[in-house]
Amino acid sequence: MAASRVTANEIFLNIKEISTRYPKALCLFRQISTSRPHYDKQPEPRTKSASQQLVGVVGLEVHAQINSNTKLFSGSPVRFSAPPNSLVSFFDASLPGTLPMLNRRCVEAAVMTGLALNCTINKKSYFDRKHYFYADLPAGYQITQQRKPIAVDGVLTYSYFGGKKRSQMIRKSVQIKQIQLEQDSGKSLHDDDRSQTLIDLNRAGVGLMELVMEPEMKSGEEAAAAVRELQLILQALGTCQGNMSEGQLRVDANVSVHRPGEPLGIRTEVKNINSIRYLARAIDYEIQRQIDAVQSGRAVQNETRAYDSKSGETVPMREKEGLQDYRFMPEPNLPALIVYEDNASLPTGIDPSQAVVVQKIKDRLPELPGVKRDRLVQTYGILPEHSFTLVNEDGLMEYFETLMKTTQREPRKVIGWVTNELLGHLKQRDMSVSQSPISPAHLAELLKLQETGRISSSAAKQVFQEMWRSGGKTACQIVQEQELGLVHDSAQLHSICQKVVDSHPDEVHAVRNGNKKVLNKLIGLVQKETKGRADPVLVKEILQQMTQ
Amino acid sequence: EFIRKLWEGLLVQSKPPLTSHFPFPAQIPPDLVDKLERLALVDFRTKQGLECLEKAIRFADQLHVVDTTGIEPMDSVLEDRALYLREDTAVDGGCAEELLKLSRKTVEEYFVVPPGNIPLPKKEERSSMLKHSEL
């Protein structure tokens, strides 16, 4: 590894030499670029006394598989599981004589996503070839958009619960450098026993949108929140189904550390992250690992690391052959991709199926998550924190809205039940909203009992638990069976209170002498007697009377 | 437009441009040759190969004689064509058998390949592998 790095440096020096002595020969040496040319690679200055804390710098590269029927450049079907190599055309297998045919749906998806992320859509964008050798890339190059991608300069706003108690909603935004269309590669299955690799090209050629974010994030938490928001947006648009475990949304994190104000440190790329939870963990681990290294005087190496979910650590990945030179060149088989601003700018006589019109796509944009949240706040008067939770959990918003249709209670009183009780129970058991044993209608019934004073708040929580466990029994049934109904009978309460008062003369004395807090103890004792079913208001009244 | 200018530039001179117009022939360092060979998977470090490369560089240098100010670079001869947009309907695939026949080794409908890229032989080994090598 060290040897090849030295070689790479020598080459750089030599190229510099050539370029100064033979400036005209420079045309032959294409800019050696990795896919992230903008990143600063200056080494971290040797450890000084920690006058400032080292902080993490995180930049994400997201590959979103386009939700389309066929692949980006061929008419092969796109499907998650199918017999190996059954979704492969001659072009996907890179047989000689085949040519790429761009899928209009993929262009529309990229434009739609770009618009939803406030990007500028490049009316003219180009395709390039990115060369490297690997068995799952049959052509030896990937068709991508390196020079001029279809969308640039966007913004993704996201929120997360932060602060000391994680109750404060923090809003952040991250700039989207660009969105480009590119091909996916096939899949390799490594058979270490027989020292061979099996290749399935079903995925080769599937359309991807690569979203490059600026390195503005500082932690795993921020990255996870950003990706979650992106996932919600893509799902709302229908341009990507966003399932990370199925590989529809892949995130690579570029992580480095530095002291604020100083140049960026050496970065590592972290791959193999299969869920949003792992994303946060992997990034936090890597930031800490780098901080430890820098503080012990060790240098961080520019390398690719894989996240191991079992150990929670990042480990160096298999060696790539030194620094990659992708030899980007324009894709000679594809002219520029042109999209039109509106119908007015269409050339005369153009076949509508051959024109992608940005305005038309803009008009068709569905309601984005951010708008949804605002609408919930407006319609129901709930807090932004609540609407954030509703939209963030799959199906929770629908549950809440259904519930609101059947209940008469105020949304602010209902929301707690949904975001705390219901969601809490679901999370504890790692269940989704669709799996909830309590339907909105049943919950509405429970709320009605509480509202009409039939049961106390604490009893309501008990009933909820029982409803969950029994999976089907209604609130009324449970209240009846367990005799949880509030006792309003003043005669009955009177006698119980009298009993408590008689058996606790010290406490009564204390209350008479002015210690009001002891009254609560008496109330508690009464509730204990009645198993929490006494009407608390009445009990307090009666006891106050008795202790005067 | 650009090509026309290039041809004009070349035709105006009845002989090839004087080499005195260019910097000295490029001396390609061995490490660069190494790298190029690795990237292209083409062995060319024979005397002939290197001469060929140097000539190619010098030939390409002629482009700098042409004044291209204000002209957009051409990246495809198809630049005047419209990029055809295809409908998103499945019409391909389903030919696994045919494709697998092309591979020397397959296992249960998978193509079989070595585990990872085969590393290129080390520099020392490579020079001994090639005859007429002068590096």
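We name chains A, B, ... by the order of the sequence lines, and we start the count at 1 in each one.
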[X] versus chain A, the contacting section by heavy-atom distance below 4.5 Å:
X        : result
B/Ser103 : neither
B/Glu108 : backbone
B/Ala56  : neither

Check: [Y] and [X] side chains under 4.5 Å, non-hydrogen atoms:
X        : Y        : value
A/Asn85  : B/Leu100 : yes
B/Phe111 : A/Pro138 : no
A/Gln196 : B/Val113 : no
A/Asp325 : B/Lys35  : yes
B/Thr89  : A/Asn69  : no

Practice task
Go through B/Val112, B/Leu102, B/Thr106 and name the one with the most non-hydrogen pairs under 4.5 angstrom from chain A.
Solution key: B/Val112

Problem - Donor-acceptor pair, side chain of B/Arg81 and main chain of A/Pro335, under 3.5 angstrom - result: no

Problem - Any donor-acceptor N/O pair, B/Asp88 side chain to A/Thr70 backbone, under 3.5 Å - result: yes

What closest approach, in Å, do [X] and [Y] show between heavy atoms, and which atom pair accounts for it?
X        : Y        : value
A/Ser76  : B/Gly93  : OG-N, 4.2 Å
B/Ala96  : A/Pro84  : CB-O, 4.2 Å
B/Pro115 : A/Ser195 : CD-O, 3.2 Å
B/Cys95  : A/Phe90  : SG-CE1, 3.9 Å

Mind ranking [options] by heavy-atom pairs under 4.5 Å with chain B and telling me who comes out on top?
options                      : value
A/Ile350, A/Leu201, A/Leu198 : A/Leu198
A/Arg147, A/Arg194, A/Arg104 : A/Arg104
A/Asp92, A/Leu337, A/Leu87   : A/Leu337
A/Ser86, A/Pro83, A/Gly140   : A/Ser86
A/Asp191, A/Asn103, A/Leu189 : A/Asn103

Problem - Donor + acceptor pair across side chains of B/Asp92, A/Ser74 (<3.5 Å) - result: no

Atom pair [atom1] ([X]) and [atom2] ([Y]), whose distance is rounded to the nearest 0.5 Å:
X        : Y        : atom1 : atom2 : value
A/Leu95  : B/Leu99  : CG    : CG    : 6.0 Å
A/Met101 : B/Leu83  : CE    : CG    : 10.5 Å
B/Tyr84  : A/Ser353 : OH    : OG    : 6.5 Å
B/Arg86  : A/Cys106 : CZ    : SG    : 7.5 Å
A/Tyr126 : B/Glu79  : OH    : CD    : 8.5 Å
A/Arg327 : B/Leu36  : CZ    : CG    : 9.0 Å

Given a strict heavy-atom distance threshold of 4.5 Å, which part of [X] is in contact with chain B: side chain, backbone, both, or neither?
X        : answer
A/Val78  : neither
A/Leu99  : neither
A/Asp136 : neither
A/Ile338 : neither
A/Ala336 : backbone

Handout entry: A/Lys124, NZ atom: more than 12 neighbouring heavy atoms under 6.0 Å
Key = no

